[in-house]
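Notes follow the structure.
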Amino acid sequence: MLAGILASCNTSDKTKIEDAESSNETLVESVAEKTYDSYKDIASDEALIATALMAVPKESRANCKVIGFNMAGDFVTLREGDNQFIVLADDPKKDGFNAACYHKDLEPFMARGRALRKEGKSAREVFAIREAEMKSGELQIPTGATLHIYYGDKTIYNPETSEVADAILRYVVYMPWATAESTGLPEVPIAANHPWIMNPGTHRAHIMISPINENN
């Protein structure tokens with residue numbers, strides 16, 4: 001009887017291992033078979049707009065304003081809009097893809113950063129200047145205002161869905177001057193998809209949320 005039980009357990013374990021191996025092989029095959037035959041280069045202002053809108057919640061895409069560099073290299077309003085979001089399109093002159101949308105009340109803060117970078121200020125200088133302006137009240141970041149980032153290494157997209165190849169989402173919730181103590185959040189992520197607080201105690205303190213994505 002004991003021999004029979006052991007043989008049964010071994011057979012069961014072997015079956016589980018074989019099932020797992022089979023599942024892994026199927027997953028590897030499906031990943032290997034992924035192609036981008038239907039994808040095209042992001043090579044027009046229309047494509048810049050369409051792909052940038054993927055950073056926006058689906059129900060809000062129809063009426064948001066889109067700004068950013070056009071294919072000619074000029075920073076312009078690519079599309080007018082009047083809802084709560086402003087969308088920053090990908091810069092076609094830079095490697096990879098990076099589009100974002102943010103609450104319209106963040107525009108003074110974002111515009112100030114763009115102006116300072118245009119003046120040639122470094123990231124550290126931009127941070128220090130906006131920190132001082134926040135402390136003086138000259139600049140404000142509304143607590144709880146959000147930023148959604150849609151980014152990836154590739155610059156090709158599906159014209160039918162506007163999805164950029166392998167691009168993923170990340171979310172930011174601004175909490176000026178917040179700390180780990182005031183929020184209860186860690187200063188480093190506990191796991192890949194766990195929220196954490198970045199730049200704690202500063203004007204740019206924010207909650208970072210990076211969902212687990214299908215590509216990984």
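Just so you know, these numbers use all the heavy atoms, side chains as well, and skip hydrogens, waters and symmetry mates. No experiment lies behind these values; they were computed from the predicted model shown.
Heavy-atom neighbours of Q84 CD from other residues, nucleotides or ligands within 6.0 Å: above the threshold of 12. Applying the 6.0 Å contact sphere to CD of E119 captures more than 12 heavy atoms from other residues, nucleotides or ligands.
Here the shortest heavy-atom pairing between C101 and P57 reads SG-CD, 4.4 Å. When all heavy atoms of P189 and H194 are compared, the closest pair comes out as CB-O, 4.1 Å. Here the closest heavy-atom approach between residue T51 and residue Y150 is recorded as O-CD2, 3.9 Å. Here the closest non-hydrogen pair linking S210 and R170 is OG-NE, 3.0 Å. The two atoms that bring R79 and L53 nearest to each other are NH1-CD1, 3.6 Å, heavy atoms only. Minimum heavy-atom separation, A180 to L185: CB-O, 3.1 Å.
Atom CG in L88 sits 12.0 Å away from atom NZ in K65 (nearest 0.5 Å). One finds the NZ atom of K93 at 6.5 Å from the CE atom of M71 (value rounded to the nearest 0.5 Å). Taking CG of L147 as the start and CD1 of I86 as the end, the distance is 12.0 Å to the nearest 0.5 Å. Residue R61 holds its CZ atom at 12.0 Å from CG of N83, rounded to the nearest 0.5 Å. To the nearest 0.5 angstrom, I209 atom CD1 is 10.5 Å from N193 atom CG. Going from atom CE of M54 over to atom OG1 of T161 covers 6.0 Å, rounded to the nearest 0.5 Å.
Centroid-to-centroid, the aromatic rings of F97 and Y151 stay 6.0 Å apart or farther. Ring centroids of F85 and H148 are separated by less than 6.0 Å, placing the two rings close together.
Under the 4.5 Å side-chain criterion, counting only non-hydrogen atoms from C-beta, L139 is in contact with R130. At a threshold of 4.5 Å between non-hydrogen side-chain atoms, the residues S38 and E160 do not count as touching. For the pair Y171 and P195, the minimum side-chain heavy-atom distance is 4.5 Å or more.
For the pair R204 and F127, the cation-pi criterion (under 6.0 Å, within 45° of the ring axis) is not fulfilled.
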Practice prompt. Run the numbers on T179 and I197 for side-chain contact (heavy atoms from CB on, under 4.5 Å), then give the verdict.
Written response: CA-CA 7 Å; T179 63; I197 187 163; 5.6 Å; no
Worksheet item: side-chain contact (heavy atoms from CB on, under 4.5 Å) between F75 and R114: does it pass, once the steps are laid out?
Response: CA-CA 10 Å; F75 194 91; R114 291 194 296 269; 3.6 Å; yes
Worksheet item: Would I141 and H203 count as a side-chain contact (heavy atoms from CB on, under 4.5 Å) if you check the C-alpha gap in whole Å, the side-chain angles of each, and the deciding distance to 0.1 Å?
Response: CA-CA 8 Å; I141 296 178; H203 76 287; 4.2 Å; yes
Fill in: Pair N98-I149, side-chain contact (heavy atoms from CB on, under 4.5 Å): steps then yes or no
CA-CA 7 Å; N98 194 313; I149 307 165; 3.7 Å; yes
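Residues L169 and L48 fall within the same hydrophobic cluster, defined by Ile, Leu, Val, Met, Phe, Trp and Tyr side chains chained together at heavy-atom separations under 4.5 Å. By the rule that hydrophobic residues join a cluster once side-chain heavy atoms approach within less than 4.5 Å of another member, V87 and V172 end up as members of separate clusters. The hydrophobic cluster containing L106 also contains W177, counting ILVMFWY residues as joined when their side-chain heavy atoms lie under 4.5 angstrom apart, directly or transitively. Note: the hydrophobic cluster containing I67 also contains M110 (ILVMFWY, side chain heavy atoms under 4.5 Å, direct or indirect links). F69 and Y157 are not part of a single hydrophobic cluster, where members link through side-chain heavy atoms under 4.5 Å apart.
Classification of the H206-Y174 ring pair by plane angle, with boundaries at 30° and 60°, yields tilted.
Panel note: side chain T77, backbone E80; no donor-acceptor pair is recorded below 3.5 Å.
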